[in-house]
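Input: a single structure, listed below in structure tokens.
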There are 2 protein chains.
Amino acid sequence: MIKKNKTAYCPVDYAFQRIGGKYKGRILWYLKDGIMRYGELKRIVEGITPKMLTQTLRELEEDKLIMRKVYKEVPPRVEYRLSETGKELIPFIDQMRIWGEKQMAME
Amino acid sequence: MIKKNKTAYCPVDYAFQRIGGKYKGRILWYLKDGIMRYGELKRIVEGITPKMLTQTLRELEEDKLIMRKVYKEVPPRVEYRLSETGKELIPFIDQMRIWGEKQMAME
DNA sequence: ACAAGTAGGCACAATTTTGTATCCTACATA
DNA sequence: TATGTAGGATACAAAATTGTGCCTACTTGT
């Protein structure tokens with residue numbers, strides 16, 4: 001679990017703390033187009049285990065970057081979407097993506 | 001040490017791998033205005049130990065985000081600056097900073 | 001009857017990242 | 001002579017993060 005109550009030394013530090021972690025960037029990115037179910041995320045976020053997916057989603061939710069909606073159905077059905085705060089992160093994740101693409105192309 | 005040869009699953013993943021870590025964002029940010037010496041960074045990057053500063057700078061250098069210049073003097077003198085690739089990250093880190101400031105203000 | 005899908009929980013283990021303490025050079029100043 | 005300085009290195013220890021394996025309940029499909 002990510003330690004809570006870490007104090008950030010500056011806004012840059014703060015932002016990195018909130019979206020750091022192995023999968024957070026990708027999850028936020030995949031949610032940019034709308035709603036996703038747990039299982040869809042599991043398939044699309046390559047390399048993630050169920051445990052880490054659950055854990056990361058919970059952290060993003062506590063951090064108010066995403067919203068979680070549970071339907072009382074069987075089989076279970078849970079949907080995730082970006083919060084307004086989370087949506088604000090998309091433009092710069094997009095910049096990261098563009099930079100990353102360029103770097104990867106340059107090898 | 002940050003494990004090398006991790007394969008990135010996508011450009012977003014790749015970018016986060018390269019600038020993830022506890023201090024990388026801040027160091028890149030502090031270097032945005034030009035050249036900094038080791039000791040200056042040590043004073044300005046709050047909470048960092050000499051070991052972590054050295055280690056982080058080495059990683060950034062291997063990753064070609066910064067450049068290191070050693071003067072053969074005594075006492076030693078080492079300067080760090082952003083590479084062109086590193087400079088390209090600044091707009092994005094700046095967006096993070098703005099987002100972070102807003103979030104911190106909202107408490 | 002039995003497996004598969006759905007969204008996880010839990011205990012534990014391995015890995016990765018970060019921190020602490022101590023040491024080094026070679027010259028300068030007190 | 002002792003101490004300070006700059007920029008580290010190194011061994012070891014602790015903390016944080018991530019991974020493994022096994023478990024649940026219920027329903028639908030074969």
Side-chain angles (χ1 to χ4, degrees), chain A residues 1-9 13-14 16-27 30-31 35-63 66-81, chain B residues 1-9 13-14 16-27 30-31 35-63 66-81:
Chain A
M1 281 301 202
I2 282 182
K3 180 117 170 291
K4 299 303 162 0
N5 306 324
K6 279 192 291 202
T7 41
Y9 289 108
D13 193 26
Y14 174 90
F16 274 87
Q17 280 184 28
R18 267 182 88 173
I19 65 164
K22 195 166 178 181
Y23 306 103
K24 286 188 182 175
R26 274 194 286 164
I27 290 177
Y30 288 132
L31 286 174
I35 292 166
M36 284 242 170
R37 293 185 58 181
Y38 178 90
E40 290 181 278
L41 285 167
K42 188 148 66 90
R43 279 186 293 276
I44 209 174
V45 181
E46 276 186 87
I48 201 167
T49 58
K51 185 197 122 169
M52 285 312 296
L53 179 53
T54 299
Q55 187 176 307
T56 307
L57 287 168
R58 289 298 141 76
E59 288 169 12
L60 289 170
E61 197 197 355
E62 276 185 49
D63 253 358
I66 65 171
M67 277 150 49
R68 181 170 182 263
K69 184 166 182 183
V70 183
Y71 292 84
K72 290 222 169 73
E73 298 174 4
V74 168
R77 172 187 171 78
V78 184
E79 290 178 349
Y80 295 92
R81 79 188 67 197
Chain B
M1 280 299 201
I2 282 183
K3 181 116 167 290
K4 300 299 158 11
N5 306 323
K6 278 193 292 199
T7 40
Y9 289 108
D13 193 26
Y14 174 90
F16 274 86
Q17 280 184 28
R18 269 181 88 172
I19 64 164
K22 193 163 176 181
Y23 306 103
K24 287 189 180 173
R26 273 193 286 165
I27 290 177
Y30 288 131
L31 286 174
I35 292 166
M36 283 242 168
R37 293 185 59 179
Y38 179 90
E40 291 182 277
L41 285 167
K42 189 148 67 86
R43 280 187 291 278
I44 208 173
V45 181
E46 276 186 86
I48 201 166
T49 58
K51 185 197 124 172
M52 286 312 296
L53 180 54
T54 300
Q55 186 176 307
T56 306
L57 288 167
R58 289 296 140 76
E59 287 170 13
L60 289 170
E61 195 196 358
E62 277 185 48
D63 254 357
I66 64 171
M67 278 150 52
R68 180 168 183 266
K69 185 167 184 184
V70 183
Y71 293 83
K72 291 221 166 74
E73 300 173 1
V74 168
R77 172 184 169 81
V78 185
E79 290 177 348
Y80 296 93
R81 77 185 72 195

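Quick note on labels: first sequence line is chain A, next is B, and so on, each numbered from 1.
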Partners of A:Y30 by side chain to side chain donor-acceptor pair (under 3.5 Å), sequence neighbours excluded? none
If the condition is side chain to side chain donor-acceptor pair (under 3.5 Å), which residues does A:R81 pass it with, not counting sequence neighbours? none
When rounded to the nearest 0.5 angstrom, what distance separates [atom1] in [X] from [atom2] in [Y]?
{"X": "B:I66", "Y": "B:L31", "atom1": "CD1", "atom2": "CG", "answer": "6.5 Å"}
{"X": "B:Y9", "Y": "A:Y23", "atom1": "OH", "atom2": "OH", "answer": "7.0 Å"}
{"X": "B:I27", "Y": "B:L57", "atom1": "CD1", "atom2": "CG", "answer": "5.0 Å"}

Estimate the overall bend of the helix from C:dA1-D:dT30 to C:dA30-D:dT1 from the end axes over five pairs each, rounded to 10 degrees.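 That helix has its two terminal axes inclined by roughly 20°.
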Just compare C:dT6, D:dG8, C:dG9 and give me whichever is closest to any side-chain atom of B:Y38. D:dG8
For residues 71-80 of chain B, the side-chain hydrogen bond (donor to acceptor under 3.5 Å, both in side chains) pairs (sequence neighbours left out) are B:R68-B:Y80, B:Y71-B:E79, B:R77-B:E79
Give the table of side-chain donor-acceptor pairs shorter than 3.5 Å for residues 39-54 of chain A, with sequence neighbours excluded, one pair per line with atom names and distance.
from: A:E40; atom 1: OE1; to: A:R37; atom 2: N; distance (Å): 2.8
from: A:T49; atom 1: OG1; to: A:M52; atom 2: N; distance (Å): 3.3
from: A:T54; atom 1: OG1; to: A:Y38; atom 2: OH; distance (Å): 3.3
from: A:T54; atom 1: OG1; to: A:P50; atom 2: O; distance (Å): 3.1

Figure out the [atom1]/[atom2] separation between [X] and [N], and round it to whole Å.
{"X": "A:K42", "N": "C:dA4", "atom1": "NZ", "atom2": "P", "value": "14 Å"}
{"X": "B:E79", "N": "D:dG7", "atom1": "CD", "atom2": "C1'", "value": "13 Å"}
{"X": "A:K72", "N": "C:dG8", "atom1": "NZ", "atom2": "P", "value": "14 Å"}
{"X": "A:Q55", "N": "D:dT17", "atom1": "CD", "atom2": "P", "value": "9 Å"}
{"X": "B:I19", "N": "C:dT17", "atom1": "CD1", "atom2": "P", "value": "15 Å"}
{"X": "B:E73", "N": "D:dA6", "atom1": "CD", "atom2": "C1'", "value": "11 Å"}
{"X": "A:E40", "N": "C:dG5", "atom1": "CD", "atom2": "C1'", "value": "14 Å"}
{"X": "B:L41", "N": "D:dA6", "atom1": "CG", "atom2": "C1'", "value": "13 Å"}

Measuring only between side-chain heavy atoms, which start at C-beta, is A:R18 closer than 4.5 Å to A:K24? no
Tell me whether the side-chain N/O atoms of [X] come closer than 4.0 Å to OP1 or OP2 in [N].
{"X": "A:R77", "N": "C:dG5", "result": "no"}
{"X": "A:R37", "N": "C:dT6", "result": "no"}
{"X": "B:R68", "N": "D:dG7", "result": "no"}

Treat primed atoms plus P, OP1 and OP2 as sugar-phosphate and everything else as base, then score nucleotides 19-30 of chain D 5' to 3': B for base contact with protein heavy atoms under 4.0 Å, S for sugar-phosphate contact only, - for none. BB-----BS---
